[in-house]
Amino acid sequence: MTEQEAITNEESEEVRIGAFICECGVNIAGAVDCNAVADYISTLPNVVTSVVNKYTCSDAGQAEIKNAIKDLNLNRVLVASCTPKTHEPIFRACVEEAGLNQYLFEFVNIREHCSWIHMWEKEDATKKAKELVRMGVARAALLEPLQSSEVPVTDAALVIGAGVTGMQAAMDIADMGHKVYLVEQGPSIGGKMAQLDKTFPTNDCSICILGPKMVEVARNENIEIMSYSEIDEVDGYVGNFKVKVKHKPRYLNIDECTGCGLCTEKCPVEVPYVEFDEGIGTRKAIYTPFPQAVPLRALVDKSICIDCGACIKACERGAIDMDQQETFSELDVGVIVVSAGFDVYDPEPNHDFGFGLYDNVITTMEFERLINASGPTMGKVVRPSDVKPPKRIGFVQCVGSRDKNSNIYCSSFCCMASLKNAQLLKEKYPDTEVYIMYMDMRTPFRMYEEFYNRARDMGIRFIRGRPAEVTENEDHNIIARIEDTLTNEIVNLELDLMVLSVGAVSPESTETVRQILKVSRAADGFMMEAHPKLKPVDTTLDGIFIGGMTQGPKDIPYSISQGSACAARATRFLAQGKALTEGITAKVDEDICVACGVCVPMCPFQALSIEDDKLKILTALCKGCGTCMAACPTGALEQSHFKNEQLLAQVKNVFAYGEV
Amino acid sequence: MIGNVYQTVCPGCNMGCGLYIREDEEGALAVDFMKSSPANLGKLCRFGMKLAHHYSKATSMVDGKEASVEDAVKAASDKLKGADVTMLGVGNTTNEESLAFSKVADALGTVVNTGMGVYSELPTECHPTVGVGITLDEIESANRIALFVDPYIQYPLLVRRILAAKKIGASVVSVGWKDLHLADENRYIDPDLYESELGLDSESVIIADVHPNTDPGWVKRMLNLALKTQAKILFMKPFVNATGVDLLCKGTGQKGISEIMDGINEGSIKTLVTLNSDPIELMPDSDAAAATLTKLDNLIVISSRDGPVNKMADIVIATEPLYAKAGSFMNVEGLLLNNSGESTTGIDSMSTLSQNLGGEAMDYQNLHNNVLESIVQKYTKPKYKELTCEVLDIGPVEEKGNLIYLYNPFMWFDQSDDNDFVMVNMNMVNKLGLSKGGMIALTSDAGTVNMRYRVEDMPDGLILTAKKLPVATEWTTIVSTEAV
Amino acid sequence: MVNVGDMLVGYATNEDVRKRGASGGLVTAVLAAALEKGLVENVVVMKHINEFEAVPIITDDVDEVLASTGSLHSVPVNLAKYAMGRKVAMPAKPCDTQAVIEQAKRGMIDLDNTYVVGLNCGGSMHPVTTKKMLVEMYDIDPEDVVGEDIEKGKLIFKTKNGEEKAIAIDELEEAGFGRRESCRYCTLKIPVNADLACGNWGVIGDKAGSATFCQVMNDKGVKLLDNAIEAGRIEVEPASDKAIAIRAKVNDVMVNLGNTLEKEIFPEIPDEERMQYYMEPMADCIDCGACKEVCPVCACGEDSKCTMFHSLVDNYKMSMYHMVRLLHLSDSCIACGQCSDVCPSDIPITLLQSSFAIPSQRKREYTPGMNVDDVPPFFEVILK
Amino acid sequence: MSDFEPDILTFCCNWCSYAGADLAGVSRLQYPTNNRIIRVMCSSRIEPIHILEALKEGTDGILVTGCHIGDCHYIEGNIHTDERMKEIVDALEHLGLKDRLHLEWVSAAEGKKFQETITDFVEKIRALGPNPLKEKAKEE
């Protein structure tokens, strides 16, 4: 083909390429005859000058480029030296200083990709270098100037989920002086941590440390808590998200309610309190979530309310409004932090270890409520079948974790949780026999292994093996048949109560949020971070961050760290007030595009959509990978800086056939 | 019009390719295929495919200002009354309009020139053979075909006919300028050896072409070859109705277009009236043609298209687009083809013009009947007319240039086209040291142009172009070459 | 009320339509009813020019619809592109229907707005070939022909004076006439992908020749028929078991013939000859672009990946234009034959496309144009 | 055929395989000079026209390289690459250009693998012989 005619740009300005061949001391010159390369290149179309430098990247070399741009009126610069991975930014800055758009710079690698790998083949290496530069010249002639665009950032953040992670993120962002909307689907902030009794490895009371934090969040002027609310729609991109929040009706005027509890007293309807007490305790149809709830306001469970009107009569402030409807708020935010929490694995459907078949098999969360001093039993551990204190208690680890039949991942906190609960039992009821049936005890991080050792010292029995068979005897005792793999003995353990250490799973409600935000999901069902090491709380969508259990199972300290990390990452945008979008992006030629939509599902960043029979590209979302344009049948989509004509010019000039 | 479509004929050349022009609600045009069309089975070449883009409508003008058709006709009548008028109508329109144009000529006491100068140099008895050759079907049953055109570039719808002939055993020899894929033999031989070397006989077919820039000596050579070998001959032509207009104008005493241009330059022609014929597009050297036209006192253009000559005209009488016209065409094999359009504004304008000049009034139906009576009896193909002339004296052979303009009939549209390269052979590439992807510079008296090139198997020293190049002054031009 | 899956025999109530239309004029009547009752805004019909020529027009005139009748065998255009961007009803051969569905997958046709009345098709013929065949094989003046039919492997022509002449398709095709090449290896003869599958196969007894067999394929088919019944334009009755069996038998014969011919038409190509197999015929390409323009499954506009290479300077080596098209269409080519029909150089493009596409489609277990929910494999896995 | 030196074109993605090629260079891992590299942001940018054009231009073998599945900088670009290359490999085989296109995942840490991949591919293409379109390409 003969594309390489003197190609001119839109203003029909003549293309003038300056080529700079770097010797890199002997690094390149040792294997490549740089002068021969320069001589050859000078014969190519559009090449105005071709120069050999000792070190093109040196100040002298860069000065030579800048002078040549000015003196020879160059409008493209090509450097043939080392790898763009390290030196492209340097030369781009160099040409920009000389007044040339940085994207009019072309880099050819003749060191890593030529001289260093063909050290003893000078003739062939020189030929190859000529052809590499020839490709570069062909491409350089077709380069176009590009601009990264800046988008303004709305100075407000949305935090989805007010568990311990979300609260931390909200407070950190708020303390840096930015408005935060903290949206929580439950009636109170606090999350799962509020349900726990003690926390490992220091065994301090969970609500005692969390409670003040919740109050602090509520008192923070920059934080607006939206409890009992859900994300309905999210539109837009970094800096400019439009969020629609749905407020579910509490059937009660939250400004009038004082949380006094008079209404609850009068309410005649009582049901198991599943949401907070794991169904062990009860609540009324009108209730306040728990004593330390924030906001401490009542709400009506309309599904069980019998409309007797007792509460309305009881409320001195007339706060109750049974006709309340759901309402919506529209928020403009610049960044979004997702800390939507987790659910515990549900062993019921598969009757894991007899759960659901035998009364005295319970889960960790149920146990947490049982042993919690403010729980339904006031901290008295009893077993469900006969409400008697159990004397032999066993914990089964890895229920719903590390199991290809449920979830293959490790839920990370359950070993420590069981160690903690076992210790609490031993402290509270020293004569209780406590067993932990495990595959491996996983105790990383500071003081965790010590915590395990303490448990051993306290006489807690560890059996390496999990029940192969669980049955119940006439006393409703649990018989667990286990192979202790350390002793190779089969043990038939009779237990009064068996606690399943259930792992974490990503809740359905989080999946809804994920789909609204269009964040990607990992194979384990949790949301996917942008990079597992380098960007653990970023997502691939600019301006959206994930922390805590949303990203995967973790314990409280790790969750709080991630909350702070999310805050720090998110606040960068808020503090700068602007976000830069990628210069190399997809562009559509509307004259050619037929809006067939083949490209839309290709984009991993949801930057493409068809609206009104037209393809719309949200450039702010585009990362410039090029997946979509390769799929485009018409060629209407082009990736700037890697346009088809630019790539094809390289392809066509790969081999010169006898010319060099 | 049939529903929202017009059945019409492609104006690219004289092949007579039938097609539909489909008009949507917004008036946008699209080409549709008419598979029962006898000349082409609905198939169209690259020009035909782009046809919808080529109908740029003309606007009536008087002295550079937009005017109504009526005013333009009236202004033209005033200018033409009593003037010594030269009329040019090459056949880019219907038989009926061409006939109407002749009647205007009658009123002015002049004749319509077809622009094909070659006819006036040929004995009358060979005109029918040059006019209507063999039928296109007959190509398919020939046993040997001698090609003096490049069908791929010049008359693409011939390709399938030749391939069909090959399929049933015909051999194909190309005596052109470059190797053709469909030819069994590609010969570059001395014209004096054609008769002895090409192996033609009465079962053979010669395919050549005539156009306004054809060297008459060349046409005579072709006729002699046909006479001596008894082979049948088909002359392809560039204008949709070249055959019809030739018959209507009786084919004799007509001026060629270069003769007319010479006349203008000499000052013997002062008033020119054209009917869908643009000298700027037809002459190889557009700039020179435009300069010539400025020497006219009166330039009156009757046209359906907005060509370059319209901008220079004193008066433009705009007519309806070709596809919308009521009327018929005669293709290269003498087949009469009909438009489904019903518009007659062109004819009506010329009728008024004729009456203003003291001539007769015309209406479409009369003209159509006239056409049927004078040139053809029925919508069927006439039989091939064997050559009856004597062997012709070729006369002195003109010196040829090395840049050869493969006269492509579509060129008169002067549309941008991807023929944007010249063809050279590998020897020239090596000799000039042309680099892969490089350009070749062509220099003639008219200046220099840099062109992309494509390598072809062809004789040394030649440069072929299918595009009218600004350095070309004639059909063949002497140029010097170098690498850019 | 008719139901999805119903097998019916019906005809137009209007005597004139019934008489003029092929097989009882049911299709014409259904289309007319769709238009007059506002089910659609336009109808695509073949406007009759002569026995060998008809041109598709898009009309909102019921009379125009009623005036359009006759067989499609000799006017092998694909109608899919005429339905784009409209609320339209159309008659359709199986390949027209395939194209409509492929266009719907590419967002060019809204199937909810497009009512497709499918017509059985044993294959179509090129009008000029047909004329020649009439003279050479049938000894009939083409001008005298008033009707034609394909039945029991024979091609039948009816003349003005009521005569019928039948010749076996095999025989015609051996003599170089008969159906277009792509129709010979086509195995979709009953348009089960349309909303209604209509035809004369299975119309027996006293109704033979004056009624249409009609299978209701989906809800739109129900709507079309109910609408026409309500408008009083058609009458239908359930088809007899015998009729259904006969229709299936006719179809089997045609499909078997197609399968046999496919083996004949596509011989095994040795590896070392493959390049030549594709390149040699394409060397005659003159880059007119008609094959792309006419392709009813390609949704690209005038510019596309293939036209990047659509240039004379490119065509003398390996025609990139055609190579890109081979790949582009290999998942969705329906072998409708349009590209071969319009190629000015008579390159057997459909044949080349098919020999490239058929193995590819079979490997990916994808049949284009059958179900709008089947994603063409080259749209690629839509992840997650 | 013995002196046939194949022309190899390699497409590298910016994030993994290009860096892998860099690492091969930095480590001075010697490999044949037959290879030329074109850099793209993601291997999913490569489409059939690039491959076909390269073959038409006379390239004897084409390598497409990208990040390992799961490592893609753009999440799942290389999954698209994988799908597309399978189709193109099929198509090329059908066109009589079998084995001239190969897909390989090379991480930024796999300089050695890059070296081996090129070396093996050059050998494979050398054994396969010249691209049948090569002579025509040279003519131009």
Side-chain angles (χ1 to χ4, degrees), chain A residues 1-2 82-86 107 109 111-121 123-129 131-132 134-135 139 520 523 528 530-532 540 582 584 602-605 623-632 635 639 641-642 644 647-648 650-655 657-658, chain D residues 5 7-14 18-19 21-51 53-54 56-60 62 72-81 84 108 114-115 118 134 137-140:
Chain A
M1 284 289 279
T2 53
C82 49
T83 174
K85 303 290 281 180
T86 58
F107 209 130
N109 187 342
R111 191 178 73 177
E112 280 84 347
H113 295 179
C114 192
S115 67
W116 276 354
I117 49 168
H118 312 306
M119 294 175 79
W120 300 284
E121 297 154 284
E123 196 179 312
D124 283 348
T126 304
K127 175 172 177 284
K128 176 170 171 178
E131 292 187 348
L132 289 172
R134 175 195 161 89
M135 278 163 69
R139 177 174 152 81
S520 42
M528 181 87 166
H531 191 282
T540 52
E582 174 66 57
I584 299 171
M602 300 292 142
C603 182
F605 311 107
K623 304 258 186 202
C625 61
T627 312
C628 58
M629 40 228 102
C632 174
Q639 182 185 19
H641 212 57
F642 290 92
N644 265 327
L647 288 173
L648 289 175
Q650 286 181 287
V651 167
K652 284 170 189 162
N653 285 282
V654 178
F655 301 106
Y657 300 125
Chain D
E5 279 300 331
D7 294 325
I8 308 294
L9 179 61
T10 302
F11 289 99
C12 286
C13 84
N14 185 52
Y18 193 89
D22 277 356
L23 182 60
V26 172
S27 319
R28 310 295 199 274
L29 299 172
Q30 304 294 301
Y31 56 83
T33 57
N34 309 52
N35 177 51
R36 311 283 181 268
I37 289 174
I38 292 180
R39 179 167 67 129
V40 288
M41 294 309 280
C42 179
S43 57
S44 64
R45 176 70 186 94
I46 309 303
E47 48 181 298
I49 56 171
H50 303 141
I51 309 288
E53 186 69 25
K56 196 189 109 179
E57 288 295 315
T59 309
D60 299 297
I62 298 153
C72 180
H73 187 77
Y74 304 102
I75 311 170
E76 57 205 20
N78 52 3
I79 298 174
H80 289 290
T81 310
R84 285 176 193 156
F114 192 87
Q115 176 205 28
I118 301 285
K134 195 179 193 75
K138 279 188 174 176
E139 252 179 38
E140 194 182 352

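Just so it is clear: chains get the letters A, B, ... in the order the sequence lines come, proteins before strands, and each one is counted from 1.
Between D:T81 and D:I46, the closest side-chain pair of non-hydrogen atoms is not below 4.5 Å. Looking at heavy atoms from C-beta onward, D:R36 lies out of side-chain contact with D:T10 at the 4.5 angstrom threshold.
At a 4.5 Å heavy-atom cutoff, the contact between D:I8 and chain A is made by backbone atoms alone. Residue D:I37 touches chain A through both its backbone and its side chain, counting heavy-atom pairs closer than 4.5 Å. Of the atoms belonging to A:E121, it is side-chain heavy atoms, and not backbone ones, that fall under 4.5 Å from chain D. Proximity to chain A (any heavy atom under 4.5 Å) is restricted, for D:F11, to the side chain, taken from C-beta onward. Interface remark: D:L23 contributes no atoms to any contact with chain A (heavy atom separation under 4.5 Å). Both the backbone and the side chain of D:N14 come within contact range of chain A, judged by heavy atoms closer than 4.5 Å. For A:M629, the parts lying near chain D are the backbone and the side chain together; criterion is any non-hydrogen pair under 4.5 Å.
When each of D:P32, D:P48, D:S43 is checked for heavy-atom pairs under 4.5 Å with chain A, D:P32 comes out on top. Of the listed residues (A:A125, A:G624, A:C628, A:S115), the one with the most heavy-atom contacts under 4.5 Å to chain D is A:G624. Interface summary for chain A: among D:G77, D:A54, D:A21, the most heavy-atom pairs under 4.5 angstrom belong to D:A21. Of the residues considered (A:E112, A:R111, A:Q639), A:E112 shows the highest number of contacts with chain D, using heavy-atom pairs under 4.5 Å. Of the residues considered (A:N644, A:D124, A:V654), A:N644 shows the highest number of contacts with chain D, using heavy-atom pairs under 4.5 Å.
Legend: residues meeting side-chain contact (heavy atoms from CB on, under 4.5 Å) with D:C72, ordered by chain and number and at least two apart, are D:C42, D:Y74, D:N78. Remark: D:E47 engages C:K305, D:R45 in a salt bridge (charged side-chain N to carboxylate O under 4.0 Å, His left out) (not counting sequence neighbours).
Between the side chains of A:H113 and D:N35, no donor-acceptor pair is found at a separation under 3.5 Å. Defined by atom type and a distance below 3.5 Å, a donor-acceptor pair is present between the side-chain atoms of D:D22 and A:N109.
Both the sub-6.0 Å distance and the 45° axial angle are satisfied by A:R139 relative to the ring of A:F642.
For the atom pair CG (A:L132) and CG (A:N653), the distance works out to 12.0 Å, reported to the nearest 0.5 Å.
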